[in-house]
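Data first, discussion second: the structure below is written as structure tokens.
Every chain is numbered from 1 and lettered A, B, ... according to where its sequence line falls, protein lines coming before strand lines.
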Amino acid sequence: MSEPRKLLKGETGDWEVVIGLEVHAQVASKSKLFSGASAEYGAGPNENVSLVDAAMPGMLPVINKFCVEQAVKTGLGLNAKINCWSRFDRKNYFYPDLPQGYQISQYKDPIVGEGEVEVEVDGEEIRVGVERLHLEQDAGKSIHDLSPKESYVDLNRSGVALMEIVSRPDMRSADEAAAYFSKLRTILRYLGTCDGNMEEGSMRADVNVSVRRPGEPLGTRTETKNINSIRYVKQAVEYEARRQIEVLERGGKIDQETRLFNVATGETRTMRSKEDAHDYRYFPDPDLLPLELDPDWVESIKAGLPELPDAKKHRFMRDYGLSLYDAAVLSQDRAKADYFETVAGGRDGKLAANWVTTELFGALNKSGKEIAESPISAAQLGKLIDLIADDTISGRIAKDVFAIMFETGGDPERIVEERGLKQVTDTGAIEAAIDAIIAANPDQVAQVKEKPKTFGWFVGQVMKSTGGKANPQAVNEILKKKLGVE
Amino acid sequence: MSVDKETVRKVAKLARLAVPEDRLEPMTNELNGILKWIEQLNEVDVDGVDPMTSTVDMKLPMREDVVQSGPTGGGQPDKVVANAPRTEDSFFVVPKVVE
């Protein structure tokens with residue numbers, strides 16, 4: 001981390017951007033962290049609120065075991081240390097969407113300690129440290145646009161379980177920050193501990209940004225809150241880094257402050273900061289005993305983990321000979337990885353990766369479909385590749401067959417059969433086509449020995465006259481012989 | 001350990017307690033009395049003793065991830081907002097708070 005990787009140019013020299021992320025990921029549980037109210041999104045106002053979440057007197061929190069398990073699972077997925085003794089603290093502040101007057105969180109003793117994530121940026125791998133992961137309650141929601149003079153409060157989210165994942169300040173560019181956020185989402189979705197649905201607020205990031213001259217100590221940072229898309233993380237970092245460089249180059253000073261991101265303009269602005277807002281007076285929650293985990297239970301969770309994206313990525317590189325880029329793209333999503341493995345099984349891995357990442361993902365993207373909705377099954381795409389491998393069709397025709405399969409579905413062998421797309425490997429037929437072209441174009445034939453470049457023209461003519469079905473290798477060989485070129 | 005008048009003013013503000021100016025001085029004295037009394041505990045030698053986290057010898061009880069009904073479940077917005085001075089469509093209605 002000591003070598004500056006990426007620098008931004010200012011008017012007075014280079015600057016290094018330093019970024020850390022705090023990501024809030026909603027645990028994919030049915031009920032809340034400390035109450036039995038539903039955690040589902042989209043219910044009517046205050047419909048999913050128990051008397052615990054509304055902080056009625058006498059109600060006591062009881063922890064959801066599933067949520068604890070998901071935090072442990074996620075910790076293991078981040079290659080992090082699991083703390084078998086942790087506890088809950090009260091973070092005290094007043095806000096209308098926080099009925100308790102405090103948030104139950106973990107301060108000094110979080111359930112998960114240090115870990116590390118591999119992140120791919122521009123075909124390179126960087127490592128981002130994770131400082132901690134802790135469990136905490138979400139707050140309710142204040143709606144400001146229903147009335148000019150009032151705010152409306154809905155407590156449905158109040159008490160929903162969140163995992164806050166805090167990174168080390170290990171990122172050095174907007175791309176790295178976006179790639180880390182995206183990688184976290186991939187890991188959470190592999191594990192199934194968070195659905196990663198950013199539109200519904202299941203994953204949000206607070207982005208810490210500072211800038212410094214290369215080699216200097218860390219600059220003062222700002223924190224931009226509640227960013228809910230990978231693209232916005234990138235925009236917020238880019239804007240904030242530029243803003244800070246401008247302020248510093250004009251001789252100004254950066255205030256340590258909380259900022260808000262405006263999705264319409266891509267800019268950040270100061271959040272009107274309340275005095276003493278950060279004086280949370282944490283103390284251990286007397287309603288809850290320490291959270292003690294049985295190491296055997298943690299081991300059993302570990303034993304049940306699925307293969308994680310990084311392990312998969314390295315296996316794809318090792319077993320199928322894929323590049324880091326292809327391996328990272330294919331391991332990003334479990335459904336994509338499974339699809340690829342079915343296509344690649346017993347076939348050329350690189351060729352399979354090409355067809356999946358270029359043709360299939362391209363076509364899916366264009367039609368706005370997810371991999372699960374692909375009109376071509378993995379087995380069918382595999383068969384198509386077999387047809388190329390055994391010279392039944394040429395690579396060019398395969399692309400046409402692929403387009404037909406994507407449009408209408410169906411088995412590649414049948415499509416090739418029905419539409420008569422089989423490659424002509426019968427040298428007699430190819431020779432006949434070549435003879436006809438040679439006979440019809442005496443001028444070109446005379447030229448080809450002087451200008452070898454015109455050879456390609458002949459190949460094109462033959463392919464055209466055979467409807468693209470002639471085996472290109474055979475065409476080349478016979479043409480060379482007949483035209484007498486090397 | 002002791003607190004001064006400004007600390008008392010700040011803590012009262014953070015706790016949203018309205019302490020009149022003429023009560024700050026007496027309250028500072030009272031709080032310092034309490035702190036001094038508690039400080040006697042420092043005389044106890046606790047070397048090698050784990051911090052006590054609870055007075056009861058039990059583990060944190062856990063519940064299964066099941067949506068419940070009744071006081072600890074949802075589906076009762078009328079009860080949730082019953083004590084609110086103002087409500088509309090089961091929302092709490094409060095003076096405008098905007099960041």
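For A/Pro290, the parts lying near chain B are the backbone and the side chain together; criterion is any non-hydrogen pair under 4.5 Å. In this structure, no portion of A/Pro99 lies under 4.5 Å from any heavy atom of chain B. For chain A, the nearby parts of B/Pro71 are the backbone and the side chain; heavy atoms of each come within less than 4.5 Å. For A/Leu60, no part lies near chain B; criterion is any non-hydrogen pair under 4.5 Å. Only the side chain of B/Asn83 comes within contact range of chain A, with heavy atoms under 4.5 Å apart. Proximity to chain A (any heavy atom under 4.5 Å) is shown, for B/Val80, by both the backbone and the side chain.
Nearest heavy atom pair, residue A/Glu47 against residue A/Asn156, reads N-OD1, 3.0 Å.
A/Phe261 and A/Tyr232 have tilted rings, their planes meeting at an angle from 30° to 60° on a 0 to 90° scale.
Between A/Asp53 and A/Lys32 there is a salt bridge, with a side-chain nitrogen of the basic residue lying less than 4.0 Å from a carboxylate oxygen of the acidic one. A salt bridge is absent between B/Glu39 and B/Lys36; no separation between the charged side-chain nitrogens and carboxylate oxygens falls under 4.0 Å. Under the 4.0 Å criterion applied to side-chain N and carboxylate O atoms, A/Glu240 and A/Arg259 are assigned as salt-bridge partners.
Taking A/Gly101, A/Ser35, A/Ser151, A/Pro286 one by one and counting their heavy-atom pairs under 4.5 Å with chain B, the maximum is reached by A/Ser151. Between chain B and the options A/Ala39, A/Pro96, A/Cys67, heavy-atom pairs under 4.5 Å are most frequent for A/Pro96. Among the candidates A/Lys65, A/Met56, A/Glu69, the residue making the largest number of heavy-atom pairs closer than 4.5 Å to chain B is A/Lys65.
Pairs engaging residues 60-71 of chain B under the side-chain hydrogen bond (donor to acceptor under 3.5 Å, both in side chains) rule: A/Ser31-B/Arg63, A/Ser31-B/Asp65, A/Asn64-B/Asp65, B/Gln68-B/Thr72 [sequence neighbours left out].
Counted by atom type alone, B/Thr7 and B/Asp4 present one or more donor-acceptor pairs between their side chains at under 3.5 Å.
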